[in-house]
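Written out below as structure tokens is the structure these notes cover.
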Amino acid sequence: MRTQEPRLKFLDFQAEVEEVLADSCRALGFKDLQIEVSLPPNDTYGDLASAIPIRIAKEAGKNPGDVAIEVASKAMELAKKKRYIGAVSPHRGGYVNFQINHSRFILDSISAISSGDLGAVREKGETVAIEHTNVNPNKALHIGHARNLVLGDSLVRVMRYMGQQVQALNYVDDSGAQVADIIVGFKFLGFSDEAPPGVKYDIYCGDSVYTKVTKAYEQDPSLKEKQSFVLKEIEKGTGETADYARGIVRKILSAQLATCWRLGATYDLLNWESQLVHSGMWEQIFESLKKMGYVKFQTEGENKGTWVIPDPETGEEKVVVRSDGTAVYVAKDIPYAAWKIGLIGDPFGYETYPVSQPGGVLYSTTLDGKKGKVHFGGARLAISVIDTRQSYLQRIVSKVLDRFREGSSKRYLHRSYEVVSLSKNTAAQLGFAIEGDFAHMSGRKGLYVNVDTMLDRLKDKAKSETRRRNLAEPEAWVDDVAEAVAVSALRYELLKQDPDKMIVFDFYDALRFQGDTGPYLLYSYARARRILDKTEGKPAIDEKSAARLTSPKELKLAKQMSMLDLSAETAEEFLSPKEIARFAHELAVAFNDFYESVPVNKEEDPQLRDARLALVDAASRVLAESMRLMGIPVKDRI
RNA sequence: GGGCCCGUAGCCCAGCACGGAUCAGGGCGUCAGCCUCCGAAGCUGAAGCGCGAAAGCUCAGAGACCGUGGGUUCGAAUCCCACCGGGCCCGCCA
């Protein structure tokens, strides 16, 4: 699978250990064993461990401790030829522990890190389409959307780090009821289609128009007719109302994108739902499914006059085409999914989107028939970041894809995550009295916290903290740093928690910059860079000086920094970027521990000082890389 | 009725995929310390029960609530089953 040597040496060490273990077991007559290694519970045991003797002992009816001695002594012999294995020792509980040859390991790790870019573990990866963000263009992003964005964007970054060719997709539902609601507000309820000065357009539409239109529906149900009129016009795609809606959607989308970019996320392509609908892909798929007999026309019963497919869970039926001939919601997801993994011809052309995106060209689908140089869709693997409430529908999509081509569901993955809700206190601050400890956000009710609002609050706090520490710096500098601190705090907070767990958002907790937070990482990095800025020496290490880096804190730091690729591999395999968050935090802790007790610039011996400088330099580079993988901005000083 | 997810310290979380080693790790909060010394957004230490103003003394010392109860296993926070509590999903809405 890996076509290139791993750059960070812990994986090398692990590979050596696995090989030695396998050979030792074979030499002792134990064959066909699954070789497994793990990190010992405690550093004093060693750097990698295996419980294989326990398994052998059980089968052979021997004492695990004795087997461990046998295996260890054989492994010790074989390990002499290995570069990174320093010592092998048995443990009477039935473990074999492997210790790193520290000086070689440190020397090679530092050299590898300082001599080149990290990442790109594979030379040529597969194409992976990752869809995320997907916010209806009628309101501003709230912190729940931010969880989606942070998860998706970090996945994009991890996949790219691992060498995959990623397409970051953002799906824009420009033809749904929520958009129609805004248009109803402008056209029939007298809302201005200009935001008041100083108010972001998406925030205006969400906070001041959408919530009020929804209320108006409750008071005057006849307004719903206006909504369905607008909806039909939008679906038709031509005419004055449709053109007007198109303009409004673009305006809101631009405002939303500004927030996405503020959070550090960028996209390769915008997929417009209206174009997906008009592309004819659904009709094509529907015809095939009919031929396969997977969709059936109901001639009687409660679903009379509709087309249905079997429900994957109950075996009952799920309507896909209504009796009026229109397709239901999943029928939009199915062609989109099929397009992503290339089960269907690509109907789209691609043009650059007229708003320029920092850090890369943003494309937009077109249906004008022109084919440009770039291509999207047809990926080997597609990942959709969508919250857990859509799991059922996503399973239906998977089932249909499988029917369309065997094995497709393995190439179409749903990365689900739990929603973000608001704590009782935070809801109260927003003027909502709730029962229970938390409340689900609701765009309709106006119960939500906008991303921009949150970032601004974080930034205000970060500004005063930064100013306090940097009295002489110009305002623009402080502003820039405060923005980075704010983004780091929000992204890290949303990323570090397991996606399966609901986040109960609370202003008080979220405004914390101490402990296991994004700012802690920024601070640790700045501390490391400070050492390198202030020094007379130059990072340099050779065999002799590497052998002098023997304090446990130096070893711990070197070991930790060389495990980034291990975390990145896990993050990729389980679509779980929080691995990177855990890694980065541990690295920062290891660095701060080192920092407190090991002098660098104050070290009098220049050789040792320079070797430590090299270690600090390497560790800081890895820390910066891990922060980049999470989309956290990196600053040399904060 | 069927399905998915969560339940770990006062609070918030890690560990669960691949079951293992003596104390199940962090963070927040609380208390006490550390800036003439590479940045204090950091680091170090303390917190079983009872008595005592306190130094301290007595008790606890196999088994200490990983939601509960079973099971599998030499071994379970981790796997299986049941139950309890919480959240979500099962529309000819999107």
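Quick note on labels: first sequence line is chain A, next is B, and so on, each numbered from 1.
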Next item on the list: Identify, residue by residue, the members of residues 503-514 of chain A with a heavy atom below 4.0 Å from RNA chain B, and return them in order of residue number, or none.
Entry: A:R512, A:F513, A:Q514

Notebook entry, point to check: Is there a donor N/O on one and an acceptor N/O on the other, under 3.5 Å, for the side chain of A:R92 and the base of B:A21?
Noted result: no

Next item on the list: Hunt down the Watson-Crick or G-U wobble partner of B:C31, both distances under 3.5 Å, from any strand shown, or write none.
Entry: B:G45

Next item on the list: Please check the phosphate of B:G25 (OP1 and OP2 only) for any side-chain N or O of A:R582 closer than 4.0 Å.
Entry: no

Next item on the list: Check every strand shown and say whether A:G93 touches a base, only sugar-phosphate, or nothing at a heavy-atom separation below 4.0 Å.
Entry: nothing

Next item on the list: Remember a base hit wins even if backbone is also touched, and classify A:V589 as base, sugar-phosphate or nothing at under 4.0 Å, heavy atoms.
Entry: nothing

Notebook entry, point to check: Taking the same atom, P, in B:A64 and in B:G25, what whole-Å distance lies between them?
Noted result: 15 Å

Under 3.5 Å, which N/O atoms of the protein pair with N/O atoms of nucleotides 90-94 of chain B?
{"residue": "B:C92", "atom": "O3'", "partner": "A:R322", "partner atom": "NE", "Å": "3.2"}
{"residue": "B:C92", "atom": "O2", "partner": "A:S323", "partner atom": "N", "Å": "3.3"}
{"residue": "B:C92", "atom": "O2", "partner": "A:S323", "partner atom": "OG", "Å": "2.9"}
{"residue": "B:C92", "atom": "N3", "partner": "A:S323", "partner atom": "OG", "Å": "2.9"}
{"residue": "B:C92", "atom": "N4", "partner": "A:E302", "partner atom": "O", "Å": "3.3"}
{"residue": "B:C92", "atom": "N4", "partner": "A:K304", "partner atom": "O", "Å": "2.9"}
{"residue": "B:C93", "atom": "OP2", "partner": "A:R322", "partner atom": "NE", "Å": "3.2"}
{"residue": "B:A94", "atom": "OP1", "partner": "A:R322", "partner atom": "NH2", "Å": "2.5"}
{"residue": "B:A94", "atom": "OP2", "partner": "A:R322", "partner atom": "NH2", "Å": "2.4"}

Checklist line | A:R322 side-chain N/O to A:D324 backbone N/O, donor-acceptor pair under 3.5 Å | finding: no

Check: Is any side-chain N or O of A:K461 closer than 4.0 Å to OP1 or OP2 of B:A41?
Finding: no

Check: Reckon A:Q497 touches a base, only the sugar-phosphate, or nothing at all at heavy-atom distances under 4.0 Å?
Finding: sugar-phosphate

Next item on the list: Scan A:P40 against the nucleic acid and name what it touches under 4.0 Å (heavy atoms): base, sugar-phosphate only, or nothing.
Entry: base

Notebook entry, point to check: Are A:K578 and B:G15 close enough that a side-chain N or O sits under 4.0 Å from OP1 or OP2?
Noted result: yes

Next item on the list: For B:G1 versus B:G69, give the span between their C1' atoms, rounded off to a whole number of Å.
Entry: 26 Å

Check: Checking only heavy atoms, does the side chain of A:D498 share a donor-acceptor pair with the base of B:A14 at less than 3.5 Å?
Finding: no

Note to self: Can you see if the side chain of A:Y595 gets near the phosphate of B:C43 - specifically, an N or O under 4.0 Å from OP1 or OP2?
What the structure shows: no

Between the protein and nucleotides 7-9 of chain B, are there any N/O to N/O pairs under 3.5 Å, and if so, what are the atom names and distances?
{"residue": "B:G7", "atom": "OP1", "partner": "A:K501", "partner atom": "NZ", "Å": "3.2"}

Margin query: For a quick test of reading the model: is some side-chain N or O of A:H440 closer than 4.0 Å to OP1 or OP2 of B:C88?
Written below: yes

Check: Using a cut-off of less than 4.0 Å, is there contact between a side-chain N or O of A:Y520 and OP1 or OP2 of B:A40?
Finding: no

